[in-house]
Amino acid sequence: MSFNQELQEDLINSSILRSAFFNYFYRVFNNTADESFIGVSEKYAVYFNDLKAYVESDEYNNACKIFEEYINDETNAVNIHNFLQKLNIEFTLLFLSGMDNIPASASSYLSSDGLLKGEEWEKVVSVYKMRDFQMPDSVKAPEDYISVEMLYMQKLSDLIGKLAEDGDINLLKSIIDDQINFSSNHILVWIDMFADAVYSKSVTLNSKLYASAAVIMKYYIKYDIKLLEEFKEELNK
């Protein structure tokens with residue numbers, strides 16, 4: 001079985017962008033930022049703005065506006081050390097400040113006890129094992145933490161690009177199904193609750209990066225499912 005060159009190139013090129021987006025969300029929500037993060041967000045602004053044509057949401061448009069305000073603040077920061085310190089205080093208050101923090105794992109929203117490593121954690125671990133996904137040693141969060149799930153999505157995106165390049169259509173379709181199912185049946189079940197909580201508290205803290213990134217991530221994942229479904233439909237013709 002083979003597929004046309006145009007579709008093959010579209011799959012390869014889209015996988016590069018998709019992988020980059022998921023890696024960005026991983027970096028934003030995984031930990032406090034360091035100097036290597038400065039300048040990264042600006043590279044994504046044009047792509048996030050382009051998505052407005054596909055998303056068609058006032059909430060998304062507003063998030064992109066706040067995202068650009070963050071980039072402007074970062075670009076015009078007189079002292080990068082002070083800028084990062086403020087950003088990391090925001091991250092700490094949002095996600096690390098004890099009982100008042102925002103839960104960032106699926107179990108917190110979906111497991112019956114609402115605790116870390118609940119039923120959802122077990123489901124996610126089993127999914128990772130199926131695709132031989134292991135977290136980097138540097139990541140200390142549970143497997144169903146939002147940043148880890150974004151890293152898993154990045155791996156699947158990379159794999160889709162590689163399989164498209166190799167021409168392995170049957171396995172390619174299987175991985176596309178895996179990613180659609182993981183997004184639809186798992187991430188989408190709790191991403192709205194997480195993003196809304198982050199946005200609400202971020203606005204109170206005047207945290208432009210996290211307020212905008214959470215909403216953009218939510219809409220991007222929904223868009224990504226539609227994109228994968230279109231690719232799947234083309235492959236099945």
Side-chain angles (χ1 to χ4, degrees), residues 1 11-12 14-31 95-96 101-195 197-198 213-214 217-218 220-233 235-236:
M1 180 182 280
L11 279 160
I12 294 169
S14 70
S15 74
I16 294 171
L17 278 177
R18 295 176 60 249
S19 176
F21 291 150
F22 288 123
N23 180 262
Y24 178 75
F25 297 135
Y26 159 74
R27 293 190 66 178
V28 170
F29 294 106
N30 187 58
N31 209 336
F95 305 112
L96 304 177
N101 71 338
I102 294 171
S105 68
S107 291
S108 301
Y109 296 91
L110 304 179
S111 295
S112 58
D113 54 14
L115 300 176
L116 291 178
K117 295 192 174 183
E119 298 100 320
E120 288 303 314
W121 173 81
E122 294 176 356
K123 293 178 185 177
V124 169
V125 169
S126 67
V127 169
Y128 291 169
K129 285 181 179 177
M130 268 178 42
R131 288 300 171 199
D132 196 27
F133 172 74
Q134 293 183 335
M135 296 190 305
D137 292 338
S138 58
V139 177
K140 305 305 179 186
E143 284 81 355
D144 62 340
Y145 199 80
I146 187 65
S147 62
V148 181
E149 295 192 352
M150 293 300 101
L151 202 58
Y152 177 65
M153 294 287 278
Q154 179 188 352
K155 176 186 175 172
L156 293 182
S157 302
D158 289 338
L159 188 53
I160 286 171
K162 181 181 184 303
L163 293 171
E165 190 171 356
D166 293 344
D168 190 338
I169 292 186
N170 289 330
L171 187 52
L172 170 61
K173 287 163 49 172
S174 176
I175 298 300
I176 289 176
D177 279 338
D178 280 356
Q179 192 153 28
I180 290 173
N181 290 335
F182 190 74
S183 293
S184 301
N185 301 330
H186 177 70
I187 296 179
L188 284 194
V189 181
W190 69 285
I191 193 66
D192 282 7
M193 292 182 283
F194 171 73
V198 174
M217 178 176 63
K218 173 178 75 171
Y220 178 73
I221 291 169
K222 295 176 181 181
Y223 162 80
D224 187 66
I225 293 173
K226 293 179 181 179
L227 178 63
L228 289 177
E229 287 175 340
E230 289 175 5
F231 279 133
K232 180 180 175 182
E233 184 176 337
L235 286 168
N236 285 330

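All values derive from a computational prediction rather than experimental measurement.
Using a 4.5 Å heavy-atom cutoff, the side chains of L151 and P136 are in contact. In this structure, M150 and R27 have side chains that are not in contact, with every pair of non-hydrogen atoms separated by 4.5 Å or more. By the 4.5 Å heavy-atom criterion applied to side chains, L172 and D166 are not counted as neighbours. Counting heavy atoms from C-beta outward, M217 and F21 have side chains that stay 4.5 Å or more apart. The shortest side-chain heavy-atom distance between F182 and M153 falls under the 4.5 Å cut-off.
Taken to the nearest 0.5 Å, the CG atom of L171 stands 4.5 Å off from the CG atom of L163. With rounding to the nearest 0.5 angstrom, the CG atom of D144 is 7.0 Å from the CH2 atom of W190. With values rounded to the nearest 0.5 angstrom, W121 atom CH2 is found 13.5 Å from S108 atom OG. Atom-to-atom distance recorded for I191:CD1 and I221:CD1 is 4.5 Å, nearest 0.5 angstrom. Atoms NZ and CE, on K140 and M135 in that order, are 8.5 Å from each other to the nearest 0.5 Å. Atoms CZ and OH, on F95 and Y145 in that order, are 6.0 Å from each other to the nearest 0.5 Å.
In this structure a side-chain-to-backbone donor-acceptor pair under 3.5 Å is missing from S184 to N181. No donor-acceptor distance shorter than 3.5 angstrom exists from the side chain of K218 to the backbone of M193, with no hydrogens or angles considered. Between the side chain of S111 and the main chain of E120, a donor-acceptor pair closer than 3.5 Å is present. Between the side chain of N23 and the backbone N or O of S19 there is no donor-acceptor pair closer than 3.5 Å.
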- Message: Would D158 and K162 count as a salt bridge (Lys or Arg N to Asp or Glu O under 4.0 Å) here? Give the steps.
- Response: CA-CA 6 Å; D158 289 338; K162 181 181 184 303; over 6 Å; no

- Message: Run R18 and Q154 through side-chain contact (heavy atoms from CB on, under 4.5 Å) and show every step you take.
- Response: CA-CA 7 Å; R18 295 176 60 249; Q154 179 188 352; over 6 Å; no

- Task: Let me see the working for K222 and D192 under side-chain contact (heavy atoms from CB on, under 4.5 Å), right down to the final yes or no.
- Result: CA-CA 11 Å; K222 295 176 181 181; D192 282 7; 3.1 Å; yes

- Item | Audit row: V139, Y26, side-chain contact (heavy atoms from CB on, under 4.5 Å) steps and yes/no | CA-CA 11 Å; V139 177; Y26 159 74; 3.5 Å; yes

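Taking 4.0 Å as the cut-off between side-chain N and carboxylate O, K155 and D132 do not count as a salt-bridged pair. The pair E229-K232 fails the salt-bridge criterion, with no side-chain N (NZ, NE, NH1 or NH2) lying under 4.0 Å from an Asp/Glu carboxylate O. With salt bridges taken as basic N to acidic carboxylate O contacts below 4.0 Å, none links D177 and K173.
Between Q179 and R131, the side chains place no donor N or O within less than 3.5 Å of an acceptor N or O (distance only, hydrogens not considered).
In this structure, A214 and A195 approach most closely via the heavy-atom pair O-CB, 3.5 Å. Between Y109 and A197, the closest heavy-atom pair is OH-CB, 4.4 Å. The two atoms that bring I176 and L228 nearest to each other are CG2-O, 3.8 Å, heavy atoms only. Residues E165 and I12 approach most closely at CA-CD1, 3.7 Å, considering heavy atoms. Scanning both residues, S14 and F231, for their nearest heavy atoms gives OG-CE1, 3.4 Å. Taking both residues in full, the closest heavy atoms of V148 and E143 are given as CG1-O, 3.6 Å, listed atom of the first, atom of the second, then distance.
Aromatic ring pairs are classed by plane angle as parallel below 30°, tilted from 30° to 60° and perpendicular above 60°; the pair F25 and F22 is perpendicular. Note: Y152 and Y128 have tilted aromatic rings, judged against thresholds of 30 and 60 degrees for the angle between ring planes.
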